[in-house]
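Notes to accompany the following structure.
The figures that follow rest on heavy atoms only: side chains count, while hydrogens, waters and symmetry mates do not.
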Amino acid sequence: MSTVRPCERDDLPGVAQLYIKSFNKPSIAGSTLANYLGDLHLGNPWYDPQNPSLVAEALDRRIVGFIGSVPMPLRLCGRPVRSVVGGNFMVDRDNKDPLVAARLLKSFLGGPHDLALTDTASSVAVKMWEGFGGELARYQSMRWVLPLMPLSLGVWFG
């Protein structure tokens with residue numbers, strides 16, 4: 001059984017290797033990716049240790065899961081809203097613990113924030129979010145374009 005805990009800078013090489021394996025990106029240099037993930041999840045200006053990115057660590061100390069947390073300060077009617085954006089949600093497909101993803105997401109959603117959202121969830125992740133009470137903002141997440149002059153639209157995107 002794996003343990004879910006806050007991600008630390010020393011975890012980043014393992015997180016980078018998990019990313020490369022999970023998303024089939026062998027051409028990405030692990031050290032470059034580890035630096036990027038560190039800047040995004042641990043070094044951003046709004047970093048909040050109360051809403052950390054999380055890792056799942058196996059008994060042999062390997063990183064077998066990760067969910068990134070990027071705080072996004074918002075205001076609603078003049079009042080601050082603590083919100084976080086979850087991303088880079090991944091679990092090692094060779095891991096033998098079937099509940100790693102559920103424990104990671106439950107820990108992430110159980111943080112002290114007022115709002116949690118994501119923008120790149122797979123169909124499996126969407127089902128998990130909905131299972132924990134989340135809602136899919138299907139129409140709000142789409143961009144609609146009504147081309148009045150279709151040929152000019154093709155030139156514009158061309």
Side-chain angles (χ1 to χ4, degrees), residues 1-75 80-143 157:
M1 185 164 160
S2 57
T3 304
V4 174
R5 61 172 176 76
C7 181
E8 300 170 353
R9 206 156 278 281
D10 290 344
D11 298 324
L12 294 174
V15 172
Q17 290 306 313
L18 179 60
Y19 182 97
I20 290 166
K21 180 179 180 181
S22 297
F23 299 113
N24 196 24
K25 303 284 186 182
S27 61
I28 297 176
S31 60
T32 302
L33 181 58
N35 289 335
Y36 166 76
L37 292 169
D39 290 346
L40 177 63
H41 296 293
L42 300 174
N44 73 66
W46 301 292
Y47 174 75
D48 180 359
Q50 292 183 349
N51 281 308
S53 297
L54 302 170
V55 294
E57 183 180 61
L59 293 174
D60 62 1
R61 318 277 286 158
R62 282 181 312 113
I63 301 299
V64 294
F66 176 80
I67 187 167
S69 176
V70 178
M72 184 175 61
L74 299 174
R75 297 187 84 66
V81 175
R82 286 179 82 179
S83 63
V84 292
V85 178
N88 301 116
F89 185 25
M90 55 193 156
V91 172
D92 186 345
R93 61 181 159 264
D94 297 329
N95 182 47
K96 303 298 183 213
D97 183 353
L99 298 176
V100 171
R103 282 200 308 278
L104 273 168
L105 187 56
K106 183 177 181 182
S107 294
F108 171 78
L109 294 174
H113 46 267
D114 302 308
L115 172 69
L117 51 106
T118 187
D119 63 349
T120 57
S122 68
S123 59
V124 173
V126 167
K127 287 180 185 174
M128 290 181 67
W129 276 71
E130 290 174 333
F132 282 109
E135 294 181 24
L136 177 63
R138 187 173 313 278
Y139 299 112
Q140 293 86 343
S141 66
M142 298 176 75
R143 291 190 183 168
F157 283 116

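Here the CG-CG distance, from Leu33 to Asn35, works out to 9.0 Å after rounding to the nearest 0.5 Å. In this structure, the separation between CE on Met128 and CG on Leu109 is 9.0 Å, given to the nearest 0.5 Å. Here the OH-CG distance, from Tyr36 to Leu12, works out to 12.5 Å after rounding to the nearest 0.5 Å. To the nearest 0.5 Å, the span separating OG on Ser83 from CG on Asp114 amounts to 8.0 Å.
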If you apply the rule side chain to side chain contact (heavy atoms under 4.5 Å, CB included), what do you find for Val91 with Leu104, and how did you get there? CA-CA 9 Å; Val91 172; Leu104 273 168; 4.2 Å; yes
Using the rule given for side chain to side chain contact (heavy atoms under 4.5 Å, CB included), can you reason through Val64 versus Leu18, listing the C-alpha separation, both sets of side-chain angles and the distance that settles it, and then say yes or no? CA-CA 7 Å; Val64 294; Leu18 179 60; 5.9 Å; no
Would Ile63 and Gln17 satisfy side chain to side chain contact (heavy atoms under 4.5 Å, CB included), going step by step from the backbone distance to the final call? CA-CA 9 Å; Ile63 301 299; Gln17 290 306 313; over 6 Å; no
Audit row: His41, Phe66, ring-ring contact (aromatic ring centres under 6.0 Å, His included) steps and yes/no: CA-CA 11 Å; His41 296 293; Phe66 176 80; 5.4 Å; yes
Let's go through Val55 and Val15 carefully: what are the C-alpha distance in whole Å and the side-chain angles of both, what is the deciding distance for side chain to side chain contact (heavy atoms under 4.5 Å, CB included) to 0.1 Å, and is it a yes or a no? CA-CA 8 Å; Val55 294; Val15 172; 3.9 Å; yes
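When atom types are taken as modelled, the side chain of Arg82 and the backbone of Met72 share no donor-acceptor pair closer than 3.5 angstrom. A donor-acceptor contact shorter than 3.5 Å is absent between the side chain of Asn88 and the backbone of Ile67. Side-chain atoms of Asp11 come within 3.5 Å of backbone atoms of Glu8 as a donor-acceptor pair (strictly under, hydrogens ignored).
Counting all heavy atoms, side chain and backbone alike, Leu42 lies closest to Cys7 at CD2-O, 3.8 Å. The two atoms that bring Val85 and Thr118 nearest to each other are CG1-CA, 4.4 Å, heavy atoms only. Here the closest heavy-atom approach between residue Ser107 and residue Val4 is recorded as OG-CG1, 3.7 Å. Among all heavy-atom pairs drawn from Phe108 and Gly68, the shortest one is CE1-O, 4.0 Å. Residues Ser53 and Ser69 approach most closely at OG-N, 2.9 Å, considering heavy atoms. Nearest approach of Phe89 to Ala125, heavy atoms of both residues: CD2-CB, 4.1 Å.
Salt bridge Glu57/Arg5: present, at least one basic N to carboxylate O contact under 4.0 Å.
Side chain to side chain, Arg103 and Thr3 fail the donor-acceptor criterion of an N or O pair below 3.5 Å.
Residue Lys127 places its NZ atom among 12 or fewer non-hydrogen atoms of other residues, nucleotides or ligands, all under 6.0 Å distant.
Between Val84 and Val70 the shortest side-chain heavy-atom distance does not fall below 4.5 Å. Side-chain contact check for Lys21 versus Asp94: some heavy-atom pair is nearer than 4.5 Å.
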